[in-house]
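To start, the structure itself, in structure tokens.
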Amino acid sequence: MSRPPLAARAASLPPALRFLFAGGTAAALNWLARFPLSLVLPFWLAVWSAAAIGMVAGFVLYRSVVFPFSARPLHQEIRDFLAVNLVTSLVVTGLAELIRTALAPWWQGEAALAFAHAAAIAAGAVLNFLGHRSITFRPARPASLRGAPGPAHPGA
């Protein structure tokens with residue numbers, strides 16, 4: 001007897017657990033990818049490049065495990081996913097640099113860089129979830145509402 005696909009098994013879990021699994025996996029990949037990238041790139045560019053790797057994994061996991069019921073066209077989800085992740089990646093990169101700089105007088109070396117990057121990823125995860133839930137994988141508007149006029153503005 002074969003096991004059901006990952007998405008089918010995950011669908012029985014509460015949405016928050018699905019998000020933690022998918023986001024945690026993508027974040028771990030993001031964090032781990034920075035170590036070898038830091039061997040050949042400056043810290044900020046290694047953080048940015050690792051974020052790109054995490055984004056690819058995140059899109060696949062979010063779409064299949066967390067938000068499998070989105071009926072929006074794939075190209076719109078990819079466009080919105082990239083936009084949300086561009087914003088959150090800028091926040092994560094800037095925050096990682098800010099934390100690294102703040103820690104520098106007391107703590108330096110690879111452990112300080114790893115901590116700064118992990119703390120920034122954790123903060124970015126909250127923004128990421130909110131952006132993907134409300135923008136990238138939001139439910140598609142029913143066809144009956146497409147093209148319908150919006151609510152009337154007071155005084156119009």
Side-chain angles (χ1 to χ4, degrees), residues 2-99 113-114 116-154 156:
S2 66
R3 298 181 75 182
L6 177 62
R9 288 183 295 183
S12 66
L13 297 173
L17 286 180
R18 293 194 314 260
F19 172 75
L20 288 174
F21 165 75
T25 300
L29 183 58
N30 176 346
W31 187 73
L32 290 170
R34 191 206 43 90
F35 291 100
L37 291 169
S38 288
L39 297 174
V40 295
L41 299 171
F43 178 68
W44 72 269
L45 189 53
V47 168
W48 185 261
S49 300
I53 292 168
M55 274 188 245
V56 172
F59 181 80
V60 171
L61 290 168
Y62 285 143
R63 190 166 199 270
S64 63
V65 176
V66 182
F67 304 106
F69 307 110
S70 173
R72 297 180 68 227
L74 178 63
H75 73 279
Q76 288 178 3
E77 288 181 348
I78 291 171
R79 178 200 63 207
D80 293 347
F81 187 86
L82 291 173
V84 167
N85 277 285
L86 175 62
V87 171
T88 58
S89 292
L90 289 171
V91 170
V92 168
T93 302
L95 191 54
E97 275 293 328
L98 182 66
I99 295 169
L113 295 178
H117 187 205
I121 288 171
V126 174
L127 292 175
N128 210 15
F129 175 73
L130 294 172
H132 292 314
R133 184 184 67 184
S134 61
I135 298 170
T136 308
F137 301 108
R138 71 183 182 273
R141 285 182 17 176
S144 62
L145 294 180
R146 288 188 197 121
H153 294 289

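A quick note: this is a predicted structure, and the numbers were derived from the prediction, not measured.
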Go through L37 and I53 one step at a time and tell me if the side-chain contact (heavy atoms from CB on, under 4.5 Å) criterion holds. CA-CA 11 Å; L37 291 169; I53 292 168; 4.2 Å; yes

Only pairs at least two apart or in different chains count here, so list each salt bridge (Lys or Arg N to Asp or Glu O under 4.0 Å) that has a residue in [range].
{"range": "residues 46-61", "result": "none"}
{"range": "residues 34-54", "result": "R34-E110"}
{"range": "residues 120-133", "result": "none"}
{"range": "residues 45-70", "result": "R63-E77"}

So, taking the atom named [atom1] in [X] and the one named [atom2] in [Y], what distance separates them when rounded to the nearest 0.5 Å?
{"X": "L82", "Y": "I78", "atom1": "CG", "atom2": "CD1", "value": "7.5 Å"}
{"X": "F35", "Y": "H117", "atom1": "CZ", "atom2": "NE2", "value": "8.5 Å"}
{"X": "L74", "Y": "F59", "atom1": "CG", "atom2": "CZ", "value": "5.0 Å"}

Can you give me the closest heavy-atom contact between [X] and [Y], atom names plus distance?
{"X": "G58", "Y": "F81", "result": "C-CZ, 3.8 Å"}
{"X": "V84", "Y": "T136", "result": "CG2-OG1, 3.7 Å"}
{"X": "G54", "Y": "A26", "result": "O-CB, 3.6 Å"}
{"X": "L95", "Y": "A123", "result": "CD2-CB, 3.6 Å"}
{"X": "A120", "Y": "I99", "result": "N-CD1, 4.2 Å"}
{"X": "A57", "Y": "L29", "result": "CB-CD2, 3.6 Å"}

Pairwise side-chain hydrogen bond (donor to acceptor under 3.5 Å, both in side chains) hits with a residue in residues 41-60, at least two apart: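 The answer is none; no pair qualifies.
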
Q) Going by the side-chain hydrogen bond (donor to acceptor under 3.5 Å, both in side chains) test, which pairs reach into residues 83-95, not counting sequence neighbours? A)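 Listed once each, the pairs are N85-H132.
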
Not counting sequence neighbours, which residues clear side chain to side chain contact (heavy atoms under 4.5 Å, CB included) with T25? List them please.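 Here the qualifying residues are F21, L61.
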
Any side-chain heavy-atom pair of F43 and L113 under 4.5 Å: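 SC-SC contact between F43 and L113 confirmed.
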
Could you pull out all residues at least two apart from F19 that satisfy ring pair (Phe, Tyr, Trp, His ring centres under 6.0 Å)?
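Ring pair (Phe, Tyr, Trp, His ring centres under 6.0 Å) list for F19, sorted by chain: Y62, F129.
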
